[in-house]
Amino acid sequence: MTINEIPASETWEIRHKVMWPDMPFEFVQLKEDNLGSHFGLYSESKLVAIVSCFEDNEEMQFRKLATLTEEQGKGNATILLEYILQQAKNKGIKRVWCNARVNKKSFYEKFGMIDTKVTFLKSGQEFTIMELRF
């Protein structure tokens with residue numbers, strides 16, 4: 001397994017396949033993508049998981065953490081999330097947060113993230129804001 005910084009455009013296929021397959025491809029292309037850092041986890045030479053990080057002062061939001069369906073359950077998202085959390089800590093980031101799908105909340109809690117109880121709906125999906133403070 002290796003983790004590399006990648007261009008935003010390399011995240012779009014996995015974002016689309018895993019997160020929003022019923023939406024137009026353009027739906028997964030964020031207008032903020034050019035402002036973020038994007039990371040990919042490779043198994044051998046295949047890109048299997050991605051995440052996008054957006055820093056603002058002493059905060060970092062990560063978005064679009066996704067693993068190819070056939071690669072899920074193998075710890076790929078865990079490796080990638082541990083990597084970006086360590087990167088944030090090393091940079092002196094004080095708060096890391098994400099908009100988590102409510103049905104994935106327990107995954108983020110394993111990393112010490114706390115549910116803020118701030119929820120919202122987007123395209124029929126319920127989200128909650130999860131955070132970790134250093």
Side-chain angles (χ1 to χ4, degrees):
M1 302 276 174
T2 58
I3 297 173
N4 293 326
E5 190 164 355
I6 59 175
S9 59
E10 290 186 26
T11 68
W12 297 340
E13 185 177 346
I14 291 177
R15 285 180 187 176
H16 188 252
K17 279 183 180 177
V18 175
M19 305 181 95
W20 300 103
D22 298 330
M23 299 298 279
F25 189 75
E26 296 74 29
F27 185 79
V28 300
Q29 299 173 15
L30 305 175
K31 65 180 183 245
E32 306 87 13
D33 269 340
N34 62 330
L35 303 174
S37 299
H38 311 276
F39 298 93
L41 177 77
Y42 292 82
S43 178
E44 297 176 22
S45 61
K46 181 180 179 183
L47 181 61
V48 298
I50 51 93
V51 67
S52 298
C53 301
F54 301 88
E55 293 179 28
D56 185 21
N57 296 318
E58 295 182 333
E59 292 192 354
M60 181 183 81
Q61 179 189 21
F62 66 90
R63 299 176 70 179
K64 310 297 184 195
L65 176 63
T67 302
L68 289 173
T69 305
E70 65 273 16
E71 298 292 332
Q72 291 178 6
K74 299 178 181 179
N76 293 312
T78 295
I79 292 167
L80 199 49
L81 187 52
E82 286 174 343
Y83 176 84
I84 65 163
L85 291 175
Q86 187 60 53
Q87 294 292 314
K89 199 172 190 178
N90 292 348
K91 289 181 174 183
I93 299 289
K94 302 286 188 234
R95 177 181 179 248
V96 176
W97 64 283
C98 71
N99 297 327
R101 292 180 188 218
V102 169
N103 66 338
K104 300 292 185 186
K105 185 174 83 161
S106 62
F107 173 76
Y108 297 104
E109 290 172 336
K110 291 188 282 187
F111 299 90
M113 297 189 81
I114 305 296
D115 186 353
T116 65
K117 309 289 187 202
V118 177
T119 62
F120 62 94
L121 288 173
K122 178 182 176 185
S123 301
Q125 291 281 334
E126 186 179 9
F127 290 84
T128 187
I129 296 176
M130 304 286 294
E131 69 177 12
L132 178 64
R133 293 184 182 269
F134 296 112

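Since the structure is predicted, the reported quantities are computational estimates derived from the model, not experimental observations.
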Would you compute the distance between atom [atom1] of [X] and atom [atom2] of [Y] and round it to the nearest 0.5 angstrom?
X: Asn99; Y: Gln61; atom1: CG; atom2: CD; result: 5.5 Å
X: Glu71; Y: Leu47; atom1: CD; atom2: CG; result: 10.5 Å
X: Trp12; Y: Lys17; atom1: CH2; atom2: NZ; result: 16.0 Å
X: Ile79; Y: Ile84; atom1: CD1; atom2: CD1; result: 13.5 Å
X: Thr2; Y: Glu44; atom1: OG1; atom2: CD; result: 10.5 Å
X: Ile50; Y: Asn76; atom1: CD1; atom2: CG; result: 12.0 Å

Using the side-chain contact (heavy atoms from CB on, under 4.5 Å) rule, take Arg101 and Phe127 through it: C-alpha gap first, then chi angles, then the decisive distance, then the call.
CA-CA 4 Å; Arg101 292 180 188 218; Phe127 290 84; 3.5 Å; yes

Using 30° and 60° as the class limits, which term best fits the ring planes of Phe62 and Tyr108: parallel, tilted or perpendicular?
tilted

Find out whether [X] and [Y] are in side-chain contact, i.e. whether some heavy atom of one side chain is under 4.5 Å from a heavy atom of the other.
X: Glu32; Y: Arg63; answer: yes
X: Phe111; Y: Val96; answer: no
X: Leu85; Y: Leu81; answer: yes
X: Leu68; Y: Lys46; answer: yes
X: Ser43; Y: Lys74; answer: no
X: Val18; Y: Thr67; answer: no
X: Met1; Y: Leu41; answer: yes
X: Ile93; Y: Glu58; answer: no

Same cluster for [X] and [Y] if Ile/Leu/Val/Met/Phe/Trp/Tyr side chains link at under 4.5 Å?
X: Phe54; Y: Val51; result: no
X: Val118; Y: Phe120; result: yes
X: Met130; Y: Tyr83; result: yes
X: Phe107; Y: Met113; result: yes

Mind listing the side-chain donor-acceptor pairs of residues 19-29 below 3.5 Å, one per line with the distance, residues two or more places apart or on another chain?
none

Is the backbone N or O of [Y] less than 3.5 Å from a side-chain atom of [X], with the two atoms forming a donor-acceptor pair by type?
X: Asp115; Y: Lys117; result: yes
X: Thr116; Y: Ile129; result: yes
X: Glu131; Y: Trp97; result: no

Run the side-chain contact (heavy atoms from CB on, under 4.5 Å) test on Gln87 and Met60 for me, step by step, so that the C-alpha distance in whole Å, both residues' side-chain angles and the decisive distance to 0.1 Å come before the verdict.
CA-CA 10 Å; Gln87 294 292 314; Met60 181 183 81; over 6 Å; no

Should we count CD of Glu13 as having more than 12 external heavy atoms under 6.0 Å?
no

So which atom in [X] and which in [Y] form the shortest heavy-atom distance, rounded to 0.1 Å?
X: Asn34; Y: Lys31; answer: OD1-O, 3.2 Å
X: Ser37; Y: Phe39; answer: CB-CE1, 3.8 Å
X: His38; Y: Ser52; answer: ND1-OG, 2.7 Å

N-O pairing of Lys64 and Asp33 below 4.0 Å:
no

